[in-house]
Amino acid sequence: MFFSMPTQIKISKFNAVIVLLTAMMLLFISWAIYSANIGQQTLFTELVRALPYGDKIGHFVLFGTLSLLLNLSLSMRVFRPLKCYWGTLLVAVFVVVEEGSQALIPSRTFDLADLLADAGGLACAAILTYFIDHRLKKRAIAQTY
């Protein structure tokens, strides 16, 4: 068969679910950004505005969750020169570009507090990824004995 996968590549059902969740989260965040860029009010933006600090909580949760899911999707690979997870690094670059671009879009405003909330979510995701990674490694070592 022309499009068959090599036999040495095996994707578990868990990994497939994580990759699907990552894609869904990225699509949701992209939709939220697009809606904000065109000034469209959505049920999501109304909910965020109704909560005290809802905007900052949203930034923390959305980008932290995306970072964690992307770290898991990328098998917790580390970018050695910076000693950080690839998923966290990719989301951090995305966040800086997205937040910085708000200064150029008339319907948006740049807010340093949003960037700090994003950074807090990324840091928590990296710490959680670290604990998951080390827990899985301990389990793998225990199973070899």
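Using a cutoff of 4.0 Å between basic side-chain nitrogens and carboxylate oxygens, R108 and E98 are scored as salt-bridged. Between D114 and K56 a salt bridge is recorded (basic side-chain N to carboxylate O distance below 4.0 Å).
Hydrophobic clustering keeps L90 apart from L27 (ILVMFWY residues linked when any side-chain heavy atoms are closer than 4.5 Å, directly or through intermediates). In the hydrophobic cluster analysis, where Ile, Leu, Val, Met, Phe, Trp and Tyr join through side-chain heavy atoms closer than 4.5 angstrom, F131 is grouped together with L69. At a threshold of 4.5 Å between side-chain heavy atoms, the hydrophobic network of Ile, Leu, Val, Met, Phe, Trp and Tyr places I57 and L115 in two separate groups. Residues L70 and M24 fall into different hydrophobic clusters, defined by Ile, Leu, Val, Met, Phe, Trp and Tyr side chains chained together at heavy-atom separations under 4.5 Å. Neither V19 nor F14 shares a network with the other; the hydrophobic side chains, linked directly or stepwise wherever heavy atoms of I, L, V, M, F, W or Y lie under 4.5 Å apart, form separate groups for each.
In this structure, Y53 places its OH atom where only 12 or fewer heavy-atom neighbours from other residues, nucleotides or ligands lie under 6.0 Å away. Y130 OH: 12 or fewer foreign heavy atoms inside a 6.0 Å radius.
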- Query: Could you go step by step and tell me if T129 and L68 meet the side chain to side chain contact (heavy atoms under 4.5 Å, CB included) rule?
  - Reply: CA-CA 6 Å; T129 302; L68 177 63; 3.3 Å; yes

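F60 places a side-chain heavy atom less than 4.5 Å from the side chain of C124. Under the 4.5 Å side-chain criterion, counting only non-hydrogen atoms from C-beta, R77 is not in contact with Y85. In this structure the side chain of L62 reaches within 4.5 angstrom of the side chain of M25, judged on heavy atoms. T42 has its side chain out of reach of E46: every pair of non-hydrogen atoms, C-beta onward, lies at least 4.5 Å apart.
Heavy atoms only, all atoms of each residue included: C84 and L89 are closest at SG-CB, 3.9 Å. Minimum interatomic distance between T88 and S67 (heavy atoms only, all atoms of both residues): OG1-OG, 3.0 Å. G39 approaches S107 most closely through the heavy-atom pair N-OG, 4.2 Å.
One distance of note links CD1 of I132 with CE of M76; it measures 7.0 Å at 0.5 Å rounding. Rounding to the nearest 0.5 Å gives a distance of 6.5 Å between OG1 of T109 and CG of D111. Residue K13 holds its NZ atom at 15.0 Å from CD1 of I18, rounded to the nearest 0.5 Å. Taken to the nearest 0.5 Å, the CG atom of L128 stands 8.0 Å off from the CG atom of L72. Going from atom OG of S73 over to atom CG of L21 covers 8.0 Å, rounded to the nearest 0.5 Å.
Classified by interplanar angle (parallel below 30°, tilted 30° to 60°, perpendicular above 60°), the ring pair F94/F63 is tilted.
The backbone N or O of Q41 sits nowhere less than 3.5 Å from a side-chain atom of T45 that would complete a donor-acceptor pair.
Remark: aromatic rings of F28 and W31 are close, center separation under 6.0 Å.
Of the candidates V61, D118, I29, L66 forms a side chain to side chain contact (heavy atoms under 4.5 Å, CB included) with just one, namely I29.
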